[in-house]
Amino acid sequence: MHVRRFLTVMAVTTATAATFQAPASAEQAPAMSKSISSVIPAPAVAQPDARQAFRLGWGTVIFTQIGSREAASVGKQLAEVLRPSTGFPVPVLPAFVHGHGISLLLGGADARVGKEGYELKVERSQILIRANTPAGLFAGTQTLRQLLPASVESKSRQKGPWVVPGGKIVDFPRFAYRGAMLDVSRHFFSVDEVRGYIDQISQYKVNRLHLHLSDDQGWRIEIPGWPRLTSYGGSTEVGGGPGGFYTKEQYLELVAYAKQKYITIVPEIDMPGHTNAALASYAELNCNGIAPPLYTGTSVGFSSLCIDKEITYKFVEDVIRELAALTPGEYIHIGGDETHATKPADYVKFMQRVTPIVAKYGKKAAGWHEIAKTQNDPSVLPQYWGTDDVDEEVVAAAQRGNKILLSPAHKSYLDMKYDRNTPLGLTWAGLIEVDTAYGWNPGAFVKNLPESSVLGVEAPLWSETLENSDHIEFMAFPRLPAIAELGWSPWSTHDWESFRQRLAQQGDRWARQNVNFYRSPKIAWNS
Ligand code: TNX
């Protein structure tokens, strides 16, 4: 079978040779002079060794830990990146032997790598990635991708040489939660569009994708017993387009796809505000019993579930039970932001009743940081989205034992414009160039919030102005990698000059992957 694949690849190679165009020579130079630390996120420990380098060739094999299906899957995913551009067969075999190859092995790694880290050694004769878990192996292979020339990301055959700079990396994350959020409510994004974003963020060791599945403009996930949520509440979006929703099967497909890339999906149903789509679908959820019309504008803060009706809590429980069943991860996000149409006392009453429902189904509640003032439950995860560095309620929650997730809007909101001329996006939290997105320390950002209380960071992408993958990519790149580095890399590696040089090398990779990135003038892009 391997021989046949080998011959097929040979044939393809010959056929494309005539049309092959040599890449601009400028690309070769930085690839050759690149060091083992030229990666985003910056590795925790990197020791370059200029005397060593590995050259991928026709005979390169990926060896994976014997008996581990997951290690084999990580190896296969790596091979699928390498084959089209190198034209090499790159077979993936269980590691009975060590040859001239790339080995992905479980166990035997440096003690510091923990659950998600890895050790990577690049020598003339082999590349060795060791980790305690398949997630660590996957992280190691994402590093390896970036150590190869950018042209490795092309879908068609490119000229080598395929050299990986020599040395050793010991790498592991600073924070457990390294997230991205996508708002699929304001504009709906298809399964394929979300998969594309998963592919992109997983390259930067992001391990959570928070999906904002409901808002005033659309309800996007099927819930048994409440069919109008999707058939009616999901039928439009901002601007009046057709909207859409995920069936249970489609959603599970996304969960499984993300899992292959060691990303856990965190579902959000925003409540009690941001609920017009649900209120429009079911009249009984409204205090006055009258369903409002569907909404396709972009205002916030005008809708609320009816706090004093029992049906509200039946509805919420049905939703949470279903989300919990669809979620392998520990968190269900229950929103709770901008509840200007809910009285403060009602808001507290609602959250105090709803957070135990999340616990009843075996999950912990995450919520926008307003939730911090509603209870003493230390398992709740407030997500800070303020625009400054002071929040006493969040600090008080941390003092009671809550972990905090950081998404300060003026730093991490990917839907803010880069500058005045950015054609997409909003400005309410400020203009966010890539140096601003990179320029903060999550471990010492909110006044009196210690690093030990910070679970991690998340970069939200709200979609009032975004309609397709090109738009998503333009807002996320290059800022998402900046936030990803803040989540992964130790603060000791934090250095704007180093980051901007490493970022410059990503431009060509995105171009090869057809990622529509923003060519920030702060960066000397390498292509
Ligand atoms: C605020 S941030 C919101 C969203 C908007 C976003 C636009 C937060 C918890 N709520 O409803 O989409 O601003 O940037």
Side-chain angles (χ1 to χ4, degrees), residues 179-189 208 210-220 236-239 243 266-279 295-305 331-342 347 350-351 365-374 380-389 391 393-394 397 404-418 422-432 436-437 446 457-467 471-472 474-476 479-480 483:
M181 188 213 85
L182 186 61
D183 172 5
V184 297
S185 176
R186 270 53 176 272
H187 281 98
F188 180 67
F189 298 102
R208 298 286 184 272
H210 165 181
L211 289 178
H212 185 75
L213 290 166
S214 72
D215 212 301
D216 293 318
Q217 297 86 346
W219 186 284
R220 308 301 182 200
T236 191
E237 59 188 1
V238 167
V266 180
E268 177 189 352
I269 293 296
D270 203 344
M271 54 183 112
H274 290 271
T275 43
N276 189 77
L279 297 168
Y295 181 69
T296 59
T298 59
S299 297
V300 295
F302 61 87
S303 57
S304 179
L305 293 173
Y331 288 107
I332 302 287
H333 202 300
I334 55 175
D337 58 316
E338 298 173 323
T339 50
H340 312 314
T342 317
Y347 178 71
F350 178 83
M351 285 302 181
W368 299 105
H369 70 244
E370 291 95 318
I371 200 173
K373 61 174 174 260
T374 67
V380 170
L381 178 67
Q383 179 171 8
Y384 179 68
W385 64 279
T387 54
D388 60 22
D389 53 6
D391 193 305
E393 281 158 358
V394 163
I404 309 295
L405 180 60
L406 293 182
S407 303
H410 58 312
K411 299 286 184 187
S412 70
Y413 267 34
L414 303 180
D415 64 315
M416 293 300 119
K417 289 178 186 285
Y418 293 95
T422 308
L424 303 165
L426 307 175
T427 56
W428 68 265
L431 300 171
I432 306 182
T436 301
V446 176
V457 294
E458 185 175 287
L461 184 47
W462 301 97
S463 64
E464 286 93 335
T465 65
L466 314 178
E467 297 177 31
H471 293 169
I472 291 175
F474 188 77
M475 300 310 272
R479 292 179 291 194
L480 183 277
I483 304 299

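For ligands, and for the atoms within them, numbers begin at 1 and follow the listed sequence. Numbering starts at 1 and runs along the sequence shown.
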Using only atom types and a distance under 3.5 Å, with no angle test, would you say the side chain of [X] pairs donor to acceptor with the backbone of [Y]?
X	Y	result
Glu237	Phe188	yes
Ser185	Gly218	yes
Tyr418	Met475	yes

For [atom], what is the nearest protein heavy atom, given as residue, atom name and distance?
atom	value
atom 2 (S) of ligand 1	Tyr413 OH, 2.5 Å
atom 5 (C) of ligand 1	Glu464 OE2, 3.3 Å
atom 8 (C) of ligand 1	Asp337 OD2, 3.3 Å

Quiz item: Quick one: side chain to side chain contact (heavy atoms under 4.5 Å, CB included) partners of Thr374, sequence neighbours excluded?
Solution: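 With neighbours one apart ignored, the set is Tyr347, Val348, Met351, Ile371.
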Polar proximity ligand 1 side, [X] side, N/O cut 3.5 Å exclusive:
X	answer
Trp462	no
Glu338	yes
Asp415	yes
Arg186	yes
Trp428	yes

Quiz prompt | side chain to side chain donor-acceptor pair (under 3.5 Å) partner of His212, chosen from Glu268, His333, His274 | solution =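 By the side chain to side chain donor-acceptor pair (under 3.5 Å) criterion, His212 pairs with just one of Glu268, His333, His274: Glu268.
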Exercise. Considering the heavy atoms of Met416, write down every atom of ligand 1 situated less than 4.0 Å from one of them.
Key: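 The list of qualifying atoms is 14 (O).
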Quiz item: Looking only at heavy atoms, which two atoms of Thr298 and Gln217 are closest? And how far apart?
Solution: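 Looking at all heavy atoms of both residues, the closest pair is CA-NE2, 3.9 Å.
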Self-check item: Side chain, backbone, both or neither: the part of Leu426 lying under 4.0 Å from ligand 1 by heavy atom
Solution: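 Answer for Leu426: side chain.
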Quiz item: Looking only at side chains, do Glu370 and Trp385 share a donor and an acceptor under 3.5 Å apart?
Solution: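 The criterion, which ignores hydrogens and geometry beyond distance, is satisfied for Trp385 and Glu370.
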Quiz prompt | 4.0 Å heavy-atom contact, Gln383 with ligand 1 | solution =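 Checking ligand 1 against Gln383, which is what was asked, there is no heavy-atom contact under 4.0 Å.
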Exercise. Starting at CG of Leu431, measure out to CG of Leu426 and round the result to the nearest 0.5 Å.
Key: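 These two atoms lie 11.5 Å from each other.
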